[in-house]
Amino acid sequence: MRTSRLRQLATDERQCRSYLTLASETLDMMLYPTKHVQGPFLRPELIDRIAAMLNFNLQQLCGQKCRNLKVKNPEKYGFEPKSLLDRLTQIYVNLDSEEFAQAVAGDQV
């Protein structure tokens, strides 16, 4: 029983590190193009989805339940919430436009 729980814990830790790496890489991937080429991200078929995704992630990092994200050893998992928040908000700034502001405001988080 104990061995099985330890194995599951190790699996969960690897999965957590993997998800955090993926989240970080996804933000990096969006950060660069939104800085240099905003047009494709502001197209009607994408703008609402991007606004919803950004708002969801902002809510997770800063919303009422953000205290649930406390981690004893964040470096063990590569958890850097301030860095994630910084990149996330930079994407908002990069997409600054009237259309994007309306999409962000219209999202029902």
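Counting from 1, the numbers follow the sequence of the chain as shown. All values below were derived from every heavy atom in this structure, side-chain atoms included, with hydrogens, water molecules and symmetry-related copies excluded. As the structure is a computational prediction, the values presented were derived from the model and not from experiment.
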task: Would you check if there is a donor-acceptor pair between the side chains of Asp12 and Gln8 at a distance under 3.5 Å?
output: yes

field: Intermediate values then yes/no, side-chain contact (heavy atoms from CB on, under 4.5 Å), Val37 and Tyr32
entry: CA-CA 9 Å; Val37 184; Tyr32 181 78; over 6 Å; no

task: To the nearest 0.5 Å, tell me how far Leu84 CG sits from Leu20 CG.
output: 7.0 Å

Interatomic spacing from CG in Leu61 to CZ in Phe56 - rounded to 0.5 Å: 10.0 Å

- prompt: How long is the span from the OG1 atom in Thr11 to the CG atom in Leu6, to the nearest 0.5 Å?
  reply: 10.5 Å

message: Test side-chain contact (heavy atoms from CB on, under 4.5 Å) on Ser97 and Phe100; report intermediate values, then the result.
response: CA-CA 5 Å; Ser97 69; Phe100 186 65; 3.4 Å; yes

field: Met30 CE to Asp28 CG distance, which is reported to the nearest 0.5 Å
entry: 11.5 Å

field: 4.5 Å side-chain heavy-atom contact, Ile91 and Leu27
entry: yes

Could you pull out all donor-acceptor pairs under 3.5 Å where a side-chain atom in residues 70-81 meets a protein atom, sequence neighbours excluded?
residue, atom, partner, partner atom, Å
Lys76, NZ, Glu13, OE2, 3.1
Tyr77, OH, Glu13, OE2, 3.0

query: Judged by modelled atom types alone, do Ser83 and Arg87 share a side-chain donor-acceptor pair under 3.5 Å?
result: yes

message: Tell me if a side-chain donor or acceptor on Asn57 pairs with a main-chain N or O of Met53 at a distance below 3.5 Å.
response: yes

Side-chain donor/acceptor pairs under 3.5 Å, residues 38-49, sequence neighbours excluded:
residue, atom, partner, partner atom, Å
Gln38, NE2, Thr34, O, 2.8
Gln38, NE2, Lys35, O, 3.0
Arg43, NE, Glu45, OE2, 2.8
Arg43, NH2, Glu45, OE2, 3.1

message: Show the nearest heavy-atom pair for residues Asn94 and Leu31, with the distance to one decimal.
response: ND2-O, 3.4 Å

Tyr92 and Asn55: side chain donor to acceptor below 3.5 Å: yes

field: Side-chain donor or acceptor of Thr89 paired with backbone N/O of Leu85 under 3.5 Å
entry: yes

